[in-house]
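Note that the numbering runs from 1 along the sequence shown for the chain.
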Amino acid sequence: MSKFVFVTGGVVSSLGKGITVASLGRLLKSRGLKVSVLKLDPYLNVDPGNMSPFQHGEVYVTEDGGETDLDLGHYERFIDTNLTKKSNVSTGQIYWSILSKERRGDFLGGTVQVIPHVTNEIKSRILSVAEDSGADVVLVEIGGTVGDIESLPFLEAIRQLRTDIGRNSCLYIHVTLIPYIGAAKELKTKPTQHSVKELRSIGIQPDVIVCRSEHEVTADLRAKIALFCDIEADAVIPNTDVDSIYEVPLHFAQSRLDEIVLEKLNLQAGPAQMEDWIDLVASIKGLSQKVSVGIVGKYVSLPDSYLSVAEALRHAGFVHGVDVDIVWVDSEQLEDGSTQCLHELDGIVVPGGFGIRGVEGKIKAVQYAREQNIPFFGIALGMQCAAVEFARNVADLQEASSIEFGSSGDPVIGLMPGQPEVTGLAAPMRLGSFPCQLQVGSISSKAYGEELVYERHRHRYELNNGYRDLLVEKGLRLGGVSPDGQLVEIIELPNHPWFVGTLFHPEFKSRPTNPHPLFVSFIESVVEQSKK
């Protein structure tokens with residue numbers, strides 16, 4: 001039977017519960033345990049798919065096409081395990097399920113209430129992940145902060161689970177903030193005490209407290225927290241700010257977090273095998289050369305909107321021993337024709353997105369990269385912008401555009417025959433993993449070293465097959481297509497240092513210890529560019 005670790009947050013949001021969960025998962029997996037993860041989000045949206053990146057950051061896509069919280073990206077990158085759409089549950093999903101059952105008459109006319117119906121549905125989702133994954137340990141992160149009214153049903157559900165499945169099968173970790181008061185020149189534990197008091201008032205006593213802080217949390221402070229929060233002193237785990245998030249698992253190992261979890265859950269496991277992670281952190285600390293890569297998008301004021309792209313670039317940098325300095329470029333600022341902000345870049349990435357805002361700036365960035373021989377990587381909408389730019393400026397189709405942006409004289413990006421018309425934000429998309437047949441001799445095939453690959457998609461529009469022959473005749477190479485030859489997956493420019501556009505999102509499959517081959521190849525070209 002699976003064991004469960006529930007992670008809550010206190011004092012403020014954005015404390016890094018996701019990194020805490022991911023780091024603990026990495027440590028437990030390194031001991032030979034099978035680990036799965038679940039994120040419970042309190043918002044009423046069904047999933048993040050229709051949420052603005054300004055509010056929620058990127059939408060992370062799983063192999064089976066789930067549109068999920070960005071924390072699932074952290075889980076997959078650290079634990080190196082593919083999760084499913086079941087690994088992200090929102091209040092919206094819970095209520096949708098319950099109300100659908102009520103309309104069908106499943107409750108036989110009974111009154112539907114938060115307890116037991118909502119909490120039972122939540123517990124069912126948690127247990128379903130354990131059953132499907134067969135995991136030894138299921139890590140469950142509860143979004144939000146203790147004290148938020150919308151989190152109460154989730155907290156009540158995990159309180160009940162300890163009784164349902166046994167106290168030795170559940171463990172509670174509370175991630176909290178130890179703020180530093182500059183005027184007093186000291187760290188304060190009172191917010192943590194109040195947060196734990198709030199948690200205890202609803203029936204949950206934390207077994208472990210993880211303390212986020214800008215400064216060292218001394219042994220005296222940890223003893224004070226232990227005394228006032230009624231836990232053992234060694235179960236107060238410091239989590240001081242570090243230069244790289246990939247250092248966190250090693251710091252937790254030094255504090256014996258994984259050992260404490262195993263002891264409290266009565267789990268037997270082998271010693272931690274973290275040598276590859278130790279080597280990773282050592283290589284990160286040893287980076288001396290720096291290259292600059294511009295990410296050109298319209299959400300750059302919130303970098304979390306492109307979190308997986310940024311991490312994939314850094315992963316590839318580790319391979320080549322370079323520190324990838326990411327320069328955030330607002331695509332709207334390029335629409336007046338000025339490219340000054342691109343002149344010092346060693347490489348340019350145009351990532352995915354939706355909507356017309358900022359698109360002309362992205363197309364300008366593509367044109368600059370193509371004409372100046374700057375390594376270029378276009379992803380999803382970035383690939384579509386590359387196709388439009390090539391059609392306009394090389395194939396002489398002056399009205400080339402995408403039907404996503406309105407009527408066009410030359411819709412080089414459009415819908416495939418039989419594809420439903422797009423009406424509203426909830427229109428169908430190509431979501432999840434699909435195969436791609438690589439062209440022999442292409443940049444992409446050399447990077448992958450394979451002929452057939454599977455990559456994750458999240459888009460509605462495709463390269464219009466009516467323009468394929470013309471674009472190829474003018475010099476565009478189809479680096480990858482669907483196995484039936486009907487869908488273009490990759491476009492390339494053969495007479496360019498490195499110019500690749502993918503309709504899929506390769507960033508979702510990159511891991512710090514196993515970087516994605518396209519990003520590795522791209523950064524290799526960027527390094528060469530920087531030498532020039």
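- In terms of heavy-atom proximity, Val309 sits nearest to Pro351 at CG2-CB, 4.3 Å.
- Of all heavy-atom pairs between Glu450 and Leu438, the closest is O-CD1, 3.3 Å.
- Within 6.0 Å of CD on Gln268 lie no more than 12 heavy atoms contributed by other residues, nucleotides or ligands.
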Tabulate below the donor-acceptor pairs under 3.5 Å that side-chain atoms of residues 11-26 make, not counting sequence neighbours, or state none.
residue: Lys17; atom: NZ; partner: Gly144; partner atom: O; Å: 3.2
residue: Thr20; atom: OG1; partner: Gly16; partner atom: O; Å: 3.0
residue: Ser23; atom: OG; partner: Ile19; partner atom: O; Å: 2.7
residue: Arg26; atom: NH1; partner: Phe78; partner atom: O; Å: 2.9
residue: Arg26; atom: NH2; partner: Asp276; partner atom: OD2; Å: 2.8

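- Ile278 is listed as a side-chain neighbour of Leu250, based on a closest heavy-atom distance under 4.5 Å.
- Side-chain N/O atoms of Gln193 and Thr189 include a donor and acceptor closer than 3.5 Å.
- Residue Gln55 qualifies as open at atom CD: its count of foreign heavy atoms under 6.0 Å is 12 or below.
- Considering only heavy atoms from C-beta on, Ser169 comes within 4.5 Å of Lys3 through its side chain.
- A salt bridge does not link Lys509 with Glu76: every distance from a Lys NZ or Arg NE/NH1/NH2 to an Asp or Glu carboxylate oxygen is 4.0 Å or more.
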Atom pairs and distances, side-chain donor-acceptor, residues 284-293, under 3.5 Å, sequence neighbours left out:
residue: Lys285; atom: NZ; partner: Glu247; partner atom: OE1; Å: 3.3
residue: Ser292; atom: OG; partner: Glu344; partner atom: O; Å: 3.1
residue: Ser292; atom: OG; partner: Asp346; partner atom: N; Å: 3.4
residue: Ser292; atom: OG; partner: Asp346; partner atom: OD2; Å: 3.3

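- Taking the side chain as every heavy atom from C-beta outward, Val236 and Ile231 approach each other to under 4.5 Å.
- For the residue pair Ser521 / Trp498, a side-chain donor-acceptor distance below 3.5 Å is found, with atom types taken as modelled.
- Residues Arg159 and Ile202 share a closest heavy-atom pair of CD-O, 3.1 Å.
- Taking 4.5 Å as the limit, every side-chain heavy atom of Leu139 sits out of range of all side-chain heavy atoms of Phe6.
- Contacts classified as ring-ring contact (aromatic ring centres under 6.0 Å, His included) and involving residues 26-74 (residues at least two apart or in different chains) are given here: Tyr43-His56, Phe54-Tyr299, Tyr60-Phe508.
- Side-chain contact of Asn50 with Asn45: a donor-acceptor pair under 3.5 Å is absent, judged by distance alone.
- What you find for Cys229 and Ile209 is that their closest heavy atoms are CB-CD1, 3.7 Å.
- The shortest distance between side-chain heavy atoms of Ile204 and Ile158 falls below 4.5 Å.
- Side chains of Ser128 and Lys86: a donor on one and an acceptor on the other come within 3.5 Å.
- Side-chain atoms of Asp47 come within 3.5 Å of backbone atoms of Gly49 as a donor-acceptor pair (strictly under, hydrogens ignored).
- For the pair Arg430 and Phe434, the cation sits on the ring face: its NZ or CZ lies under 6.0 Å from the ring centre, inside 45° of the axis.
- Counting only N and O atoms by type, the side chains of Arg456 and Asn82 include a donor and acceptor under 3.5 Å apart.
- For the residue pair Arg314/Ser244, the side-chain donor-acceptor check at 3.5 Å is not satisfied.
- Of all heavy-atom pairs spanning Phe252 and Asp258, the tightest one is O-OD1, 4.5 Å.
- With no hydrogens or angles considered, no side-chain donor-acceptor pair links Ser445 and Glu451 at under 3.5 Å.
- With sequence neighbours excluded, the residues forming a side-chain contact (heavy atoms from CB on, under 4.5 Å) with Pro515 are His315, Val319, Ser510, Val520, listed by chain and number.
- Under the 6.0 Å cut-off for aromatic ring centres, His516 and Tyr448 qualify, their centroids lying closer than that.
- Contacts classified as ring-ring contact (aromatic ring centres under 6.0 Å, His included) and involving residues 120-171 (residues at least two apart or in different chains) are not found.
- With salt bridges taken as basic N to acidic carboxylate O contacts below 4.0 Å, none links Asp136 and Lys34.
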Donor-acceptor pairs are to be reported for all side-chain atoms of residues 214-225 against protein atoms at under 3.5 Å, with residues two or more places apart or in another chain.
residue: Thr218; atom: OG1; partner: Leu221; partner atom: N; Å: 3.4
residue: Arg222; atom: NH1; partner: Val217; partner atom: O; Å: 2.6

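- For the residue pair Tyr75 and Glu141, a side-chain donor N or O sits within less than 3.5 Å of a side-chain acceptor on the partner.
- For the residue pair Glu156 / Thr119, no side-chain donor-acceptor distance below 3.5 Å is found, with atom types taken as modelled.
- By the neighbour-count criterion of 12 heavy atoms within 6.0 Å, atom OH of Tyr180 is densely surrounded, having more than that number from other residues, nucleotides or ligands.
- Inter-residue side-chain proximity for Arg212 and Ile178 is flagged as unmet; no heavy-atom pair is nearer than 4.5 Å.
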